[in-house]
J.: 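Let me give you the structure first, and then I'll get to my questions.
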Amino acid sequence: MATRKQSDSVLEAERTKTKPPPLFKVLLLNDDYTPMEFVVVVLQKFFGMSREQSTRIMLKVHREGVGICGVFPRDVAATKVELVTGYAREHQHPLACVMEEI
Ligand code: TYC
């Protein structure tokens with residue numbers, strides 16, 4: 001039927017306009033107090049990195065002030081930030097972990 005066909009194509013046009021879900025970078029920030037070894041362990045424990053990759057990222061943050069731990073959907077990124085921040089506070093370190101939309 002002509003009417004149904006028309007409304008179907010309107011729905012289709014609206015559907016194809018929906019945006020993909022946003023992605024977020026999770027970043028570590030440098031500070032003067034958190035031990036290097038602690039940051040390396042955080043990257044291994046919460047981001048599944050090898051010892052070698054963790055050390056590379058930790059040194060990049062130490063030298064440049066900031067580094068990317070990974071890119072995730074909003075909920076996953078927010079959970080990583082919470083877990084890393086909680087773990088750092090439990091160990092009395094000021095390590096800062098934040099998320100930023102791409
Ligand atoms: N700058 C710290 C130190 O010299 C090490 C460090 C690296 C801290 C990365 C935080 O995100 C960080 N002990």
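Remember, it's 1-based here, ligands and their atoms both numbered in the order they're listed. Residues take their numbers from the sequence shown, with the count starting at 1.
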J.: Decide, yes or no, whether a salt bridge links R89 with E82 under the criterion of side-chain N to carboxylate O below 4.0 Å.
T.: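 Salt bridge flag = no for E82 with R89.
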
J.: Can you tell me the protein heavy atom closest to atom 8 (C) of ligand 1 and the distance?
T.: N30 OD1, 3.4 Å

J.: Please write down residue, atom name and distance for the protein heavy atom closest to atom 5 (C) of ligand 1.
T.: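 Residue, atom and distance for the closest contact: T34 O, 3.4 Å.
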
J.: What I'd like to find out is whether the side chain of F38 reaches to under 4.5 Å of the side chain of Y33, using heavy atoms alone.
T.: no

J.: For residues V42 and V98: do they belong to one hydrophobic cluster (side chain heavy atoms under 4.5 Å, members Ile, Leu, Val, Met, Phe, Trp, Tyr)?
T.: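 V42 does not cluster with V98.
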
J.: Apply side-chain contact (heavy atoms from CB on, under 4.5 Å) to residues L28 and V66 and explain how you reach the verdict.
T.: CA-CA 6 Å; L28 275 187; V66 63; over 6 Å; no

J.: Got F72 and L23 here, is their nearest side-chain heavy-atom distance under 4.5 Å?
T.: no

J.: Do L29 and F47 sit in the same hydrophobic cluster, where Ile, Leu, Val, Met, Phe, Trp and Tyr count as joined when their side-chain heavy atoms come under 4.5 Å apart?
T.: no

J.: Tell me, which protein residue and heavy-atom name are nearest atom 4 (O) of ligand 1, and how many Å apart are they?
T.: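 Residue, atom and distance for the closest contact: H62 CE1, 3.2 Å.
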
J.: Under a 4.0 Å heavy-atom limit, does L95 contact ligand 1 with its side chain, its backbone, both, or neither?
T.: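 It is the side chain that gets close, since no backbone atom is under 4.0 Å.
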
J.: Any idea which part of V39 is under 4.0 Å from ligand 1, heavy-atom wise: side chain, backbone, both or neither?
T.: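 For V39, the contact with ligand 1 is made by the side chain alone.
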
J.: Is there any N or O on Y33 that sits under 3.5 Å from an N or O of ligand 1?
T.: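 N/O-N/O distance below 3.5 Å does not exist for this pair.
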
J.: Check whether any side-chain heavy atom of V40 lies under 4.5 Å from a side-chain heavy atom of R51, and answer yes or no.
T.: yes

J.: For ligand 1, which atoms have a heavy atom of V61 less than 4.0 angstrom away?
T.: 9 (C), 11 (O), 12 (C)

J.: Which residue supplies the protein heavy atom nearest to atom 2 (C) of ligand 1, what is that atom called, and how far is it?
T.: D31 O, 3.2 Å

J.: Between V84, L29, D32, V40, flag the one that comes closest to atom 12 (C) of ligand 1 by a heavy atom.
T.: L29

